Amino acid sequence: MKKSYSNIYTFNKKTLGKTINYLKNGNVAGLPTETVYGLGGNAYRKSPIEKIFNLKGRPKSNPLIIHYYNLQDAINDIEVNEYLLKLYKQFCPGPITFILKKKNQSKINPLASAKLKTVAIRFPKHKIIRSILKKIDFPLAMPSANKSENLSPVCAEDVFDELKEKVKLIIDGGKSKIGLESTVVDLTDTPEILRPGVININLIEKVLKLEFKKNTKNKIIKSPGMMKKHYSPGIPVLINQKKHDKKSAFIYLGSRYQNKKKFFSLSKKSNLKEAASNLYTIMRKIKKKGYKKIQISKIPYKGSGIAINDRIKKASQTL
Ligand code: TXA
Ligand code: MG
């Protein structure tokens with residue numbers, strides 16, 4: 001029998017109303033998006049932002065992404081530029097986040113953007129989060145709904161797994177289709193990818209008709225949240241593995257070890273987009289089964305594989 005949770009709600013007219021009131025009153029809720037589930041609160045008020053940082057155990061130096069219904073809703077908070085207009089037209093609403101200069105008159109609470117002069121904004125596509133954003137007159141500051149450094153949740157039960165009953169309202173929007181966090185692209189100067197995602201570098205280059213600076217060292221400084229250890233399932237992760245050590249859970253692409261115990265395929269057809277969508281679910285499942293270590297075979301460094309490699313590399317860091 002499916003476990004029932006006192007704080008997970010199915011989405012309907014009644015729970016939509018409840019969520020809206022809840023957010024209007026300065027509370028924070030676990031909400032579905034197409035990438036991963038978020039912990040959302042009013043970005044214009046201090047107290048919900050404080051709640052978010054406290055619940056996640058997140059350092060205050062790590063800014064949050066501000067989520068809007070559409071660009072019109074964001075124009076008083078950010079400086080629009082040509083790059084933004086092009087990428088917005090092509091990809092939004094969708095799994096991409098833009099770093100832009102913050103307007104002086106912006107109402108975003110300084111704590112949400114870690115007192116920086118820039119701000120991260122995103123227009124999520126999931127129909128539930130869109131129906132919520134449409135009905136409130138403030139944007140949502142919304143990091144992934146996990147404890148700092150842990151794996152992001154991709155379903156309502158994962159949010160519970162991370163934050164238990166400390167969040168009183170979690171909306172069940174099914175499994176997040178994308179399954180990895182949005183691509184973060186810095187548009188404050190010459191565009192730069194700060195966090196790869198399924199909207200990959202080639203797609204963005206095509207739209208902007210330019211070539212990106214390749215991974216420079218200063219990206220770590222630019223994005224305070226991109227600390228080394230991140231996306232961790234809570235057990236050691238080894239990457240680029242060739243041989244199973246007979247004890248660990250082994251994650252791979254394809255169907256070679258089908259039905260073999262301790263082997264977990266990200267995608268039987270070796271489809272990298274599908275692999276990205278399964279990565280966190282599989283790592284969470286492995287941890288729950290009691291494995292002490294995860295080995296991951298080499299994942300091709302192309303398309304969504306670039307984002308997968310970024311996440312598993314960070315999951316494999318011990319510091
Ligand atoms: O898919 C997503 O983006 C999810 C869903 C819920 O929308 N959200 C998410 O948020 O992944 P979070 O807080 O877990 O990751 C946001 C990343 C962090 O690494 C943070 O450092 C970076 O965006 N960021 C936020 N504001 C920034 C800024 N002004 N400059 C540079 N990086 C920024
Ligand atoms: Mg996160």
Side-chain angles (χ1 to χ4, degrees), residues 28-41 43 49 52-53 55-68 77-79 91-102 106 108-126 128-130 132-133 139-154 158-159 162-163 171 173 176-189 191-199 218-232 276-277 280 307 310-311 314-315:
V28 302
L31 304 170
T33 88
E34 73 281 11
T35 56
V36 300
Y37 274 61
L39 185 62
I49 308 299
I52 290 172
F53 278 101
L55 279 169
K56 282 182 64 76
R58 179 170 174 131
K60 295 260 169 34
S61 56
N62 188 3
L64 310 178
I65 300 175
I66 315 302
H67 297 66
Y68 297 86
D77 290 328
I78 47 108
E79 300 285 355
F91 299 119
C92 293
I96 185 164
T97 293
F98 310 109
I99 312 292
L100 295 157
K101 291 195 175 120
K102 196 160 134 179
S106 161
I108 297 167
N109 190 277
L111 191 59
S113 47
K115 299 192 173 131
L116 297 173
K117 291 200 165 83
T118 59
V119 61
I121 67 163
R122 170 161 128 74
F123 308 91
K125 191 173 186 172
H126 194 294
I128 293 182
I129 193 68
R130 278 184 66 73
I132 294 168
L133 288 167
L140 291 175
M142 192 159 66
S144 50
N146 51 279
K147 283 277 188 186
S148 195
E149 294 186 356
N150 285 5
L151 290 177
S152 296
V154 294
D158 289 353
V159 179
E162 288 289 326
L163 303 168
I171 293 291
S176 296
K177 261 199 194 139
I178 308 271
L180 287 186
E181 306 78 1
S182 61
T183 307
V184 177
V185 51
D186 185 351
L187 302 177
T188 55
D189 200 333
E192 201 181 338
I193 305 271
L194 301 184
R195 179 173 73 184
V198 302
I199 295 185
N218 73 6
K219 79 171 189 183
I220 291 167
I221 303 158
K222 267 202 167 170
S223 195
M226 281 147 216
M227 292 164 265
K228 267 196 160 174
K229 188 179 167 203
H230 222 106
Y231 317 115
S232 163
S277 77
Y280 291 163
D310 171 75
R311 305 307 192 274
K314 285 182 180 129

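Since the structure is predicted, the reported quantities are computational estimates derived from the model, not experimental observations. Heavy-atom basis, side chains included; hydrogens, waters and symmetry copies ignored. Both ligands and their constituent atoms are indexed starting at 1 by order of listing.
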(request) Decide, counting backbone as well as side-chain atoms, whether Tyr231 has an N, O or S atom less than 2.8 Å from the Mg ion (ligand 2). (result) no
(message) Minimum distance, heavy atoms only, to atom 12 (P) of ligand 1: which one of His126, His230, Met142, Arg58 is it?
(response) Arg58
(request) Quick one: look at Lys56 and ligand 1, take heavy-atom pairs under 4.0 Å, and tell me if it's side chain, backbone, both or neither. (result) neither
(message) Is it the case that atom NZ in Lys101 sees more than 12 heavy atoms from other parts of the structure closer than 6.0 Å?
(response) no
(request) For atom 15 (O) of ligand 1, state which one of Glu181, Lys101, Arg195 supplies the nearest heavy atom. (result) Arg195
(message) How close do Ala114 and Lys60 get, counting heavy atoms only, and between which atoms?
(response) CB-O, 3.5 Å
(message) Is it the case that the side chains of Tyr68 and Asp77 hold a donor-acceptor pair, with the cut-off being a distance below 3.5 Å and no angle test?
(response) yes
(message) Quick test of your reading of the structure: of Pro63, Gly197, Ser182, whose heavy atom lies closest to atom 3 (O) of ligand 1?
(response) Ser182
(request) Look at the rings of Phe98 and Phe123 and say which category their plane angle falls in: under 30° parallel, 30 to 60° tilted, over 60° perpendicular. (result) tilted
(message) What I want to know is whether Arg122 and ligand 1 share at least one N or O pair that is separated by under 3.5 angstrom.
(response) yes
(message) For Glu181 and Ser152, which I'm curious about, is there any donor-acceptor pair between the side chains at under 3.5 Å?
(response) yes
(message) Regarding atom 29 (N) of ligand 1: of the candidates Thr118, Leu100, Asn62, which has the closest heavy atom?
(response) Thr118
(request) Answer yes or no: does an N/O atom from Ser144 fall short of 3.5 Å to an N/O atom of ligand 1? (result) yes
(request) Give the numbers and elements of all ligand 1 atoms closer than 4.0 Å to a heavy atom of Ile65. (result) 3 (O), 8 (N), 9 (C), 10 (O), 16 (C)
(request) Give the atoms of ligand 1, by number and element, whose distance to some non-hydrogen atom of Ala120 is under 4.0 Å. (result) 25 (C), 26 (N), 27 (C)
(message) Looking only at side-chain N and O atoms, does Thr33 offer a donor or acceptor that is under 3.5 Å from a partner on Arg122?
(response) yes
(message) Give the atom numbers and elements of ligand 1 that come within less than 4.0 Å of a heavy atom of His67.
(response) 5 (C), 7 (O)
(message) Apply salt bridge (charged side-chain N to carboxylate O under 4.0 Å, His left out) to residues Glu79 and Lys102 and explain how you reach the verdict.
(response) CA-CA 6 Å; Glu79 300 285 355; Lys102 196 160 134 179; over 6 Å; no
(request) Return a yes/no value for Tyr37: is any of its N or O atoms, backbone included, closer than 3.5 angstrom to an N or O of ligand 1? (result) no
(request) Please name the pair of heavy atoms, one in Ala307 and one in Leu180, separated by the smallest distance, quoted to 0.1 Å. (result) CB-CD1, 3.7 Å
(request) Can you sort out which atoms of ligand 1 are near Leu116, meaning under 4.0 Å from one of its heavy atoms? (result) 29 (N)
(message) Assess, by modelled atom type and distance only, whether the side chains of Ser182 and Thr35 contain a donor and an acceptor separated by less than 3.5 Å.
(response) no
